[in-house]
Amino acid sequence: MLDLQTLRNEINDVAAQLARRGYVLDIARFEQLEGERKSVQTRTQELQAKRNTASKQIGQAKAKGEDVTFIMAEVANLGDELKQLETRLEVIQQEMLAFLSVIPNTPHATVPQGKSEADNVEVRKVGTLPKFDFEVKDHVSVGEAMGLDFETATKISGSRFSLLKGPLARMHRALAQFMLDAHTDQHGYTETYVPYMVNAESMRGTGQLPKFEEDLFKVPRHMGDAGVENFYLIPTAEVPVTNMVRDTITPLEQLPLKYVAHTPCFRSEAGSYGRDTRGMIRQHQFEKVELVQIVHPEQSYAALESLLGHAETILQKLCLPYRVVKLCTGDMGFSAALTYDIEVWLPAQNTYREISSCSNFEAFQARRMQARFRNALGKPELAHTVNGSGLAVGRTLVAILENNQQKDGSVKVPEVLRPYMGGLEFIRAG
RNA sequence: GGAGAGGUGGCAGAGUGGUUGAAUGUACCUGACUCGAAAUCAGGCGUAGGCGAAUAACCUACCGAGGGUUCGAAUCCCUCCCUCUCCGCCA
């Protein structure tokens with residue numbers, strides 16, 4: 001959520017920044033809401049003050065045993081108008097909140113201008129592309145003989161699910177363990193285990209709601225006479241982990257908070273029909289190791305760079321070639337001010353594919369969540385939130401299957417994973 | 001699932017429907033005393049919003065959440081949420 005104060009004072013500037021990412025800010029609507037809010041709120045508070053004063057007088061008069069009918073008569077008519085105004089004010093504030101809730105974050109000044117993925121800017125390429133003296137197969141073909149089974153997954157659940165058996169299932173587990181160990185032992189993150197179902201308030205906090213409900217899986221929960229409240233399956237650990245600090249004031253000396261979590265992620269993938277239907281690139285359920293930092297505003301861009309480095313380290317240790325791109329204004333997510341994607345090389349597709357997305361949200365999420373810290377003056381101030389995948393486990397497995405495939409159909413296990421796999425060097429068919 | 005007890009400021013903990021945004025203690029900040037510290041004494045110390053140049057004054061809201069009664073609610077009524085204790089069930 002953007003700062004209301006900033007919107008009031010610099011609306012044209014904000015509108016210009018939002019226009020960079022193709023969002024048209026409805027200035028007229030904003031000013032209409034603001035104008036009405038101002039008059040209704042002022043009038044409401046006037047009446048409230050009047051009522052409060054009179055009520056105090058009644059109390060005092062009664063204590064002295066004086067007659068109060070005169071004062072009572074004075075306030076008698078206040079009730080109706082006040083009630084109406086309070087209701088109206090509530091409505092206006094709800095409308096303002098709804099208006100603000102669907103405005104995306106303003107992009108950082110250094111974010112390249114662009115409309116789509118095609119306009120993203122490559123920052124660096126790391127690693128050397130593998131050379132094959134045989135016909136390269138994609139991960140589906142490589143994996144099917146060794147336990148990658150989409151048919152059974154489809155029977156059990158449907159499309160966009162996958163099932164792993166034997167050494168592939170173990171490598172999948174090994175990857176998550178390896179990533180967690182690297183981030184906790186070497187990068188200073190605190191491991192967390194978090195709920196996979198969260199309430200609507202948490203989804204609001206990180207920006208998934210109210211605008212992207214159709215991307216989420218919703219689980220109804222019956223609350224007796226109070227109706228139905230929904231749980232949502234998390235689309236990323238970013239949601240529960242970041243919301244750890246919702247409505248809290250963190251002491252300055254505890255910043256930065258650095259958390260890592262390994263969780264399943266659930267995405268409805270509504271609107272992506274026909275995209276990446278083959279293989280385990282785009283799934284309703286996948287695993288991800290997520291890095292989250294809650295930082296001092298002055299540190300957030302440095303934190304983003306370091307977090308990006310932590311994610312890159314994983315690919316380097318796995319000897320997977322990748323590149324880092326800076327997303328353009330048109331490709332960035334709703335809540336982000338600046339995003340780097342890490343894209344891993346997939347030889348069968350002859351291209352780089354996203355395996356991590358690292359963003360600085362500045363105060364956008366923190367404002368929604370009221371995630372604050374106590375600054376040097378002792379006053380509460382909004383923190384900045386930074387997060388990124390470190391990495392998406394399923395896609396990492398895909399990358400290993402494709403990059404490490406051998407002429408004989410086997411797959412070489414990256415050295416760093418072998419300790420997690422009983423020393424296994426090759427996964428073979430059968 | 002059954003029975004009971006609770007949710008009040010950073011923490012602890014009062015609060016007969018009326019000068020209660022809230023006693024008191026503690027923590028913290030400032031000052032006095034002291035060579036310095038401790039102890040003691042005095043003062044200060046919540047958040048959000050409005051108005052505004054203002055981190056000033058003033059006004060409004062906030063005692064788990066949401067409704068209701070009332071001129072007036074932390075206090076009374078209703079619904080829900082959460083926490084704790086005991087019993088039952090359970091990985």
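Being a predicted model, the structure only gives us computed values, none of them experimental. Throughout, a chain's letter reflects where its sequence line sits, starting with A, and its residues are numbered from 1.
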(request) Both distances under 3.5 Å, Watson-Crick or G-U wobble: report the partner of B:C86, or none. (result) B:G2
(message) Could you identify the nucleotide paired to B:G7, looking across every strand shown and requiring Watson-Crick or G-U wobble geometry with both distances under 3.5 Å?
(response) B:C81
(message) So does A:S357 get a backbone contact from the side chain of A:S389, meaning a donor-acceptor N/O pair under 3.5 Å?
(response) yes
(message) When both hydrogen-bonding distances must be under 3.5 Å and the geometry is Watson-Crick or G-U wobble, what is B:A42 paired with, if anything?
(response) B:U30
(message) Would you measure the distance from the P atom in B:A61 across to the matching atom in B:G67 and give it in whole Å?
(response) 15 Å
(request) Find the distance A:K62:NZ to B:G17:P and express it as a whole number of Å. (result) 13 Å
(message) Please report the distance separating the P of B:A32 from the corresponding atom of B:G36, rounded so that it comes out in whole Å.
(response) 10 Å
(message) Could you tell me the Watson-Crick or G-U partner of B:G17, where both distances fall under 3.5 Å? Say none if there is no partner.
(response) none
(request) Round to the nearest Å and state the distance from A:E201 atom CD to B:C82 atom C1'. (result) 15 Å
(request) Indicate, with a heavy-atom threshold strictly under 4.0 Å, whether A:A54 touches base, sugar-phosphate, or nothing. (result) nothing
(message) Please determine whether any donor N or O and acceptor N or O are separated by less than 3.5 Å between the side chain of A:K56 and the base of B:G18.
(response) no
(request) Write down the distance between CG (A:L382) and P (B:U47), rounded to a whole number of angstrom. (result) 14 Å
(request) By nearest nucleotide on RNA chain B, pick out whichever of A:T53 and A:Q5 is the more 5' one. (result) A:Q5
(message) Just to be sure I understand the rule, does A:R43 reach a base, reach only the sugar-phosphate, or reach nothing, if contact means heavy atoms closer than 4.0 Å?
(response) nothing
(message) I'd like the C1' distance from B:A73 over to B:A22, given in whole Å.
(response) 13 Å
(message) So does A:C328 get a backbone contact from the side chain of A:D331, meaning a donor-acceptor N/O pair under 3.5 Å?
(response) no
(request) Using both distances under 3.5 Å as the test, list the Watson-Crick or G-U wobble partner of B:U55, or none. (result) none
(message) When the C1' atoms of B:C84 and B:A48 are compared, how many Å lie between them, rounded to an integer?
(response) 31 Å
(message) For A:V411, is there any backbone N or O sitting under 3.5 Å from a side-chain donor or acceptor partner on A:R428?
(response) no
(request) Could you let me know what B:A22 is paired to, Watson-Crick or G-U wobble, both distances under 3.5 Å, or none if it's on its own? (result) none
(message) Please check this pair: side chain of A:R267 against backbone of A:P235, looking for a donor-acceptor N/O pair closer than 3.5 Å.
(response) yes
(message) Using atom C1' in both nucleotides, what's the gap between B:G7 and B:C63 to the nearest angstrom?
(response) 10 Å
(request) Verify the contact: side-chain N or O of A:K379 to OP1 or OP2 of B:U55, cut-off strictly under 4.0 Å; return yes or no. (result) no
(message) Please determine whether a side-chain nitrogen or oxygen atom of A:R51 lies at a distance below 4.0 Å from atom OP1 or OP2 of B:A61.
(response) yes
(request) Go ahead and name the base partner of B:C76; Watson-Crick or wobble counts if both distances stay under 3.5 Å, otherwise write none. (result) B:G68
(request) Take the protein atom CE of A:M1 and the nucleotide atom C1' of B:A48, then report the distance between them rounded to whole Å. (result) 13 Å
(request) Let me know the distance between CG of A:L97 and P of B:A48, rounded to the nearest Å. (result) 17 Å
(request) State whether the side chain of A:S335 and the backbone N or O of A:F361 hold a donor-acceptor pair below 3.5 Å, judged by distance alone. (result) no
(message) Are A:F364 and A:F334, when compared by the centres of their aromatic rings, separated by less than 6.0 Å?
(response) yes
(request) Look through every strand shown and name the nucleotide pairing with B:A61 as Watson-Crick or G-U wobble, where both distances are under 3.5 Å. (result) B:U47
(message) Can you check the distance between B:A3 and B:A12, where both ends of the measurement are the C1' atom (answer in whole Å)?
(response) 29 Å
(message) Any non-hydrogen side-chain atom of A:L82 less than 4.5 Å from a side-chain atom of A:R51?
(response) yes
(request) Answer yes or no: does a side-chain N or O of A:N52 lie under 4.0 Å from OP1 or OP2 of B:U60? (result) yes
(request) Mind calculating the distance between NZ (A:K38) and P (B:G49) to the nearest angstrom? (result) 15 Å
(request) Tell me whether the OP1 or OP2 atom of B:G50 has a side-chain N or O from A:R8 closer than 4.0 Å. (result) yes
(message) Within the 4.0 Å heavy-atom criterion, would you say A:Q48 contacts the bases, only the backbone, or no part of the nucleic acid?
(response) sugar-phosphate
(request) Check whether any side-chain nitrogen or oxygen of A:R37 sits under 4.0 Å from OP1 or OP2 of B:C51, and answer yes or no. (result) yes
(request) Give a yes/no verdict on a cation-pi contact between A:K258 and A:Y189, requiring under 6.0 Å between NZ or CZ and the six-membered ring centre and an angle within 45° of the axis. (result) yes
(message) How many whole angstroms separate atom CG of A:L89 from atom P of B:C59?
(response) 19 Å
(request) For B:C78 and B:A5, measure between their P atoms and round to the nearest Å. (result) 14 Å
(message) Closest-nucleotide mapping onto RNA chain B: is A:Q45 or A:A49 further toward the 5' terminus? I mean the 5' end.
(response) A:Q45
(request) Using the C1' atoms only, state how far B:U69 lies from B:G6, rounded to an integer number of Å. (result) 25 Å
(request) Select one nucleotide: of B:G68, B:U47, B:G18, the one nearest the side-chain heavy atoms of A:K83. (result) B:G68
(message) Distance check needed: B:G50 P versus A:L47 CG, whole Å only.
(response) 19 Å
